[in-house]
S.K.: 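One structure, as structure tokens, below. Some questions next.
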Amino acid sequence: MATETPSPNASTIHLNKKWTNLRKILERPRPFCKADFTPSADNLEFLLNTCKILVIGAGGLGCELLKDLALMGCGDIHVIDMDTIDLSNLNRQFLFRRKDIGSSKAECAANFINARIPTCKVTPHFAKIQDFDESFYQQFHIVVCGLDSIVARRWINGMLIAMLGYEDDGSIDPSTIIPMIDGGTEGFKGNARVILPGYTACIECTLGLFPPQVNYPLCTIANTPRLPEHCIEYVKIIQWEKENPFDVPLDGDDPQHISWIYERALERAQQFNISGVTYRLVQGVVKHIIPAVASTNAIIAAACATEVFKLTTSCYDSMKNYMVFNDLAGIYTFTYEAEKNDNCLSCSNVPQKVLVDDPNTTTLEDFIKMLCESPTYQMKNPGITAFIDGKNKTLYMSTVKSIEERTRGNLTQSLSELGLRDGQELMVADSTTPNAITLKLKYTYNEIEMN
């Protein structure tokens, strides 16, 4: 008696058809695929069940990224975001609803995707990226960034570079490379880029490509404010430094800090009969946020997701390596290869020389100011340590109140008075990087005198 073969149920038939187009790409040879690409069902299997992707940010760009990656077949996605949902988010962050206001973006986005796309599991992390160590990031095959913060980009860039392993001959161990796909939008403009840590240009290599921050004259914001932004900058720069209500550096991602600045800025605006100070504007000024456009987010997210697909399946060569998009007047795109900086702070593995005119007149405060204002470094709150007279000495650190008070006197001393010689190596810690970096002092006044 013949055995009757059970017919596949409706869900199995649907699942088989769901990936038909992907199978055409991954399971048969084509003229434009990579030379080392091997067509196989294993490619789709890896994408669906093995590949682990981290998405950083669940805002306008992050929502688009999560949707694209989930529909593309990525079966295991983690998302990190420390923000909660605001009413103003709902016009473009389509994974959220009015009932979600006040809730975690990461958690709501994960719940939405998990409920709609059964082939994908999204794990949320309602936290800062700085809350996790190397062991957390090492579990992922690719990191995709949808951030609105340059500092956060620089930090995760530094983390991925710090995780690189090296062979005995000094070459990079390929198994330790975690590619980073970075997307960014500014109104009707955007960019997408592929970063292979240690091989291609990293965030620090191309720091000058980011738009300059808008600064207001101190005399204006202190004496004759005319705009709501002036009131906010006054509280941010002057009042916070004087009162420092939380005894910590200002954190634009902390709702308590933003609320404090909003209340004081509103008071100052009322004193000068200035209108327009809102909580949203305070966030924008403090974090240098540029208004987002939903269509730009969708285009940049699609470009980033395409690069993820290329890297996870090895079916095509990835983009080399920076794509810019502009639809402000017509539609324009351009792709070019950003070059690796041999003297990069993050990925060069060589202490970078910092030129100082005269160590007898340059104070430590001048040096720190230079690290913050220079386009090369763009640091936020550097802490400096040096090995002097056989001992590690903390010269200044603002992030810990007790140490700041103890080292504050060093700010007015010259580099010579502090015992810092030509060629001295400094260990500099900053919020833009997960690990301290090494800088080497280079005094140029000696060369001037010799000439």
Side-chain angles (χ1 to χ4, degrees), residues 59-60 81-93 96 98 100-105 126 128 130 147-152 186-187 211-292 365 368-369 372-373 378-382 397-405 408 411 430-432:
D81 197 301
M82 64 166 295
D83 285 344
T84 55
I85 299 164
D86 186 76
L87 176 63
S88 61
N89 300 148
L90 302 185
N91 71 328
R92 64 194 181 282
Q93 298 175 22
F96 310 135
R98 183 176 288 270
D100 298 323
I101 292 176
S103 301
S104 160
K105 286 186 177 180
F126 182 31
K128 298 180 181 179
Q130 294 87 349
L147 292 162
D148 60 5
S149 166
I150 297 175
V151 173
E186 302 169 8
Q213 297 179 353
V214 178
N215 295 310
Y216 301 99
L218 187 61
C219 57
T220 299
I221 65 175
N223 301 314
T224 56
R226 300 183 301 275
L227 302 172
E229 290 85 353
H230 293 162
C231 301
I232 298 168
E233 285 286 344
Y234 177 85
V235 177
K236 170 189 168 184
I237 296 173
I238 298 176
Q239 277 191 257
W240 182 276
E241 184 177 348
K242 287 182 178 179
E243 303 179 27
N244 201 350
F246 303 98
D247 292 328
V248 293
L250 175 61
D251 184 351
D253 291 317
D254 191 321
Q256 287 184 305
H257 293 194
I258 296 297
S259 295
W260 190 89
I261 292 178
Y262 167 65
E263 293 169 2
R264 274 42 178 202
L266 195 59
E267 293 173 0
R268 183 167 177 80
Q270 291 171 350
Q271 293 174 4
F272 289 88
N273 296 318
I274 297 172
S275 60
V277 174
T278 64
Y279 186 90
R280 178 74 174 171
L281 181 62
V282 171
Q283 284 182 307
V285 172
V286 173
K287 297 177 63 178
H288 303 282
I289 295 175
I290 298 173
E365 186 173 18
I368 291 174
K369 185 178 180 181
C372 294
E373 296 181 353
Q378 297 187 35
M379 295 187 181
K380 300 302 177 183
N381 50 355
M397 182 178 294
S398 63
T399 54
V400 181
K401 186 177 182 180
S402 59
I403 299 179
E404 196 281 332
E405 292 174 348
R408 188 181 301 162
L411 292 174
D430 189 63
S431 59
T432 58

S.K.: Is it true that Lys369 and Glu365 make a salt bridge, defined as a side-chain N closer than 4.0 Å to a carboxylate O?
M.R.: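 Judged by the 4.0 Å cut-off on N to carboxylate O distance, Lys369 and Glu365 do not form a salt bridge.
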S.K.: Go through it in stages, so that I can follow the logic: the residues are Leu90 and Ile101, the test is side-chain contact (heavy atoms from CB on, under 4.5 Å), and I'd like the CA-CA distance, side-chain angles, deciding distance and then a yes or no.
M.R.: CA-CA 9 Å; Leu90 302 185; Ile101 292 176; 4.3 Å; yes
S.K.: What's the spacing between Cys372 SG and Asn381 CG if we round to 0.5 Å?
M.R.: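 One finds 7.5 Å between SG of Cys372 and CG of Asn381.
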S.K.: Hey, mind stepping through His230 and Arg268 against side-chain contact (heavy atoms from CB on, under 4.5 Å) and telling me if it holds?
M.R.: CA-CA 10 Å; His230 293 162; Arg268 183 167 177 80; over 6 Å; no
S.K.: A side-chain contact here means heavy atoms from C-beta on lying under 4.5 Å apart; do Leu250 and Lys236 qualify?
M.R.: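 Counting from C-beta outward, Leu250 and Lys236 do come under 4.5 Å.
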S.K.: List for me each residue that meets side chain to side chain donor-acceptor pair (under 3.5 Å) alongside Asp86, sequence neighbours excluded, and say none if there are none.
M.R.: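 Applying side chain to side chain donor-acceptor pair (under 3.5 Å) to Asp86 gives Ser88.
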S.K.: Distance-only check: which donor-acceptor pairs under 3.5 Å involve side-chain atoms of residues 255-262, not counting sequence neighbours?
M.R.:
residue	atom	partner	partner atom	Å
His257	ND1	Asp251	N	3.0
Ser259	OG	Pro255	O	2.9

S.K.: Which pair of heavy atoms, one from Val235 and one from Ala265, lies closest together, and at what distance?
M.R.: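 Heavy-atom minimum between the residues: CG2-N, 3.5 Å.
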S.K.: Over all heavy atoms of both residues, which pair between Ile368 and Pro382 is shortest? Give the atoms and the distance, please.
M.R.: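 Heavy atoms of Ile368 and Pro382 come nearest at CG2-CG, 3.7 Å.
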S.K.: Quick check: closest heavy atoms across Ala269 and Val277, and the distance to 0.1 Å?
M.R.: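 Looks like CB-CG2, 3.7 Å.
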S.K.: Locate the shortest heavy-atom distance separating Val151 from Ser431; write the atom from each residue and the value.
M.R.: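 It is CG1-O, 3.6 Å.
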S.K.: Any chance CD of Glu241 has more than 12 other-residue heavy atoms, nucleotides or ligands included, within less than 6.0 Å?
M.R.: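 No - once you tally the heavy atoms of other residues, nucleotides and ligands closer than 6.0 Å, there are 12 at most.
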S.K.: Is there side-chain contact between Asp100 and Lys105, with heavy atoms separated by less than 4.5 Å?
M.R.: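 They are not in side-chain contact.
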S.K.: Nearest 0.5 angstrom please: Leu266 CG to Ile274 CD1, how far?
M.R.: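 That separation rounds to 11.0 Å.
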S.K.: Under the side chain to side chain contact (heavy atoms under 4.5 Å, CB included) test against Pro228, which residue among Leu281, Val285, Val282 passes?
M.R.: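 Per the side chain to side chain contact (heavy atoms under 4.5 Å, CB included) rule, the option paired with Pro228 is Leu281, out of Leu281, Val285, Val282.
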S.K.: Can you measure from CD (Gln283) to CG (Asp83) and round to the nearest 0.5 angstrom?
M.R.: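 Reported to 0.5 Å precision, the distance equals 7.5 Å.
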S.K.: Atom OH of Tyr234 and atom CH2 of Trp240: how far apart are they, to the nearest 0.5 Å?
M.R.: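 Result: 15.5 Å between the selected atoms.
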S.K.: If you round to the nearest 0.5 Å, how far is CZ of Arg226 from SG of Cys231?
M.R.: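 Cys231 SG to Arg226 CZ: 11.0 Å, rounded to 0.5 Å.
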S.K.: My understanding is that only residues two or more places apart in sequence, or in another chain, count here; which of them pass side chain to side chain donor-acceptor pair (under 3.5 Å) with Asp81?
M.R.: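 With neighbours one apart ignored, the set is empty.
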S.K.: For the NZ atom of Lys380 and the CG atom of Asp430, what is their distance to the nearest 0.5 Å?
M.R.: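 Atom-to-atom, Lys380:NZ and Asp430:CG are 8.5 Å apart.
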